[in-house]
Amino acid sequence: MARDGRQWVVKQIPGLPASALAAEVEGLTALGASGTVAVPRVHHQGDDAIVMDALHPSDGDSPTFWQRLGQDIAGLHAATRTDRHGWRDDNWLGGLPQHNGWEADGHTFFVERRVLRFLDEPRVRQVLSAADLQAIEHFGRRLPDLVPVMPAVLLHGDLGQHNVLADRTGRPTLIDPAVSYGWAELDISIFWMSSADQRPSAVERFFAAWQEAAAPEPGWKERAPLLSIPAELSILAEFGDVWGTADHLRAIVAPFRRQAPAIPANVDRNADA
């Protein structure tokens, strides 16, 4: 602790390479450089640890806190628009590699780098059936009909409530980013999913403030569950079926399940082929 009361925290990520810490610092730096959102200052970066400002729990019951976060996130997205989706290098989403590269088409990027990349993960294969995987693939083919063309913006990439803390002044402060450029609604969909089951009423101010400042395309609430599919898949891929994730994902993709063709009434179901 410094004489003025400042505190620091040492972060290590056991089991992951040094590149995971480097990617985290890169993400915090990119977010901070936007001048729109608060992130902890990194005081030291080593091969096995980083030293950052210590933060405090978020004020979950404060409408003002969540309103400020909604405004800040809208500001981040508005200030960082570009014409390419992705990031210059692969980085990390939790304990898994996040596949990036650059792609001009947002629908292609979302399907290939954020959805289909998880379908070969061993834990995903253990939990989801062939019918589940086919429904997800069908969703991917339908995506251009479901999500409008939107610009790419700098994303936090893992904007769950658990990754929002507070600095010494009480301002919302972001940790554990998985940055890339993509649709703004991807950040919002992750926040929507992470707060769906236990959402304090004050958190609704986040969505109201973001919507007012960002003026998104109509229908963003209906798209939020669909755009949270990569987050659901990443949980399955890293942890397996925890927190009811598989059933929640199946409910989201249920409209994309293909029904077997009905057998006409005058056809003998037991007849030999």
Side-chain angles (χ1 to χ4, degrees), residues 23-39 69-94 96-118 136 139-160 163-164 174-194 206-207 209-234:
E24 178 167 347
V25 173
E26 182 181 46
L28 291 172
T29 301
L31 292 169
S34 73
T36 59
V37 294
V39 296
L69 179 64
Q71 293 167 339
D72 287 353
I73 294 299
L76 168 68
H77 296 160
T80 58
R81 293 189 177 193
T82 186
D83 57 358
R84 293 192 301 171
H85 299 252
W87 193 247
R88 50 184 167 267
D89 300 303
D90 289 350
N91 47 23
W92 294 82
L93 175 62
L96 294 173
Q98 177 165 267
H99 297 175
N100 292 312
W102 294 111
E103 171 61 55
D105 183 81
H107 294 90
T108 298
F109 181 83
F110 181 84
V111 172
E112 294 183 356
R113 313 287 175 83
R114 295 293 179 263
V115 177
L116 298 184
R117 65 76 78 235
F118 286 112
I136 294 169
F139 157 73
R141 290 190 288 272
R142 291 280 317 280
L143 188 69
D145 300 325
L146 303 168
V147 176
V149 174
M150 294 181 283
V153 302
L154 181 62
L155 304 175
H156 176 279
D158 193 12
L159 192 65
N163 285 335
V164 181
L174 305 181
I175 62 170
D176 294 350
V179 297
S180 66
Y181 285 92
W183 294 326
E185 290 183 18
L186 297 183
D187 269 349
I188 306 308
S189 70
I190 294 174
F191 197 84
W192 182 274
M193 180 197 76
S194 74
F206 167 86
F207 297 107
W210 172 79
Q211 182 174 358
E212 180 179 0
E217 293 283 341
W220 69 267
K221 289 184 179 180
E222 290 70 29
R223 292 190 293 271
L226 299 177
L227 296 181
S228 74
I229 287 175
E232 304 272 8
L233 287 170
S234 73

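- Looking at heavy atoms from C-beta onward, Gln211 lies in side-chain contact with Pro216 at the 4.5 angstrom threshold.
- The shortest non-hydrogen separation linking Leu154 to Thr80 is N-OG1, 2.9 Å.
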Working for side chain to side chain contact (heavy atoms under 4.5 Å, CB included), residues Trp183 and His107: CA-CA 10 Å; Trp183 294 326; His107 294 90; 3.7 Å; yes

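- A side-chain donor-acceptor contact under 3.5 Å links His77 and Asp187.
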* Asked: Between Leu69 and Val164, is a side chain to side chain contact (heavy atoms under 4.5 Å, CB included) present by the stated rule, with each step listed?
  -> CA-CA 9 Å; Leu69 179 64; Val164 181; 3.9 Å; yes

Determine, stepwise, if the pair Trp192 / Trp220 fulfils ring-ring contact (aromatic ring centres under 6.0 Å, His included). CA-CA 11 Å; Trp192 182 274; Trp220 69 267; 5.8 Å; yes

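- Contact between Arg81 and Val153 at its shortest, heavy atoms only, is CG-CG1, 3.7 Å.
- One distance of note links CG of Leu227 with CD1 of Ile190; it measures 9.5 Å at 0.5 Å rounding.
- Of all heavy-atom pairs between Leu76 and Thr36, the closest is CA-OG1, 3.2 Å.
- Scanning for ring-ring contact (aromatic ring centres under 6.0 Å, His included) contacts around Trp92 gives an empty result, with sequence neighbours left out.
- Minimum interatomic distance between Glu24 and Asp176 (heavy atoms only, all atoms of both residues): OE2-OD1, 3.4 Å.
- The two residues His85 and Asp105 come nearest to each other via the heavy atoms CD2-C, 4.2 Å.
- Here the shortest heavy-atom pairing between Ser234 and Leu96 reads O-CD1, 3.8 Å.
- Side-chain contact check for Pro230 versus Arg117: every heavy-atom pair is 4.5 Å or farther apart.
- Residues Phe191 and Ile73 are not in side-chain contact: their nearest non-hydrogen atoms beyond the backbone lie 4.5 Å or more apart.
- Here the rule is side-chain hydrogen bond (donor to acceptor under 3.5 Å, both in side chains) with Ser180, and of Arg114, Arg88, His99 only Arg114 fits it.
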Practice item. Check step by step if side chain to side chain contact (heavy atoms under 4.5 Å, CB included) holds for Leu233 and Ile136. Key: CA-CA 10 Å; Leu233 287 170; Ile136 294 169; 4.0 Å; yes

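- The side-chain heavy atoms of Ile175 and Asn163, taken from C-beta on, include a pair separated by under 4.5 Å.
- Leu31 has its side chain within reach of His156: a pair of non-hydrogen atoms, C-beta onward, lies under 4.5 Å apart.
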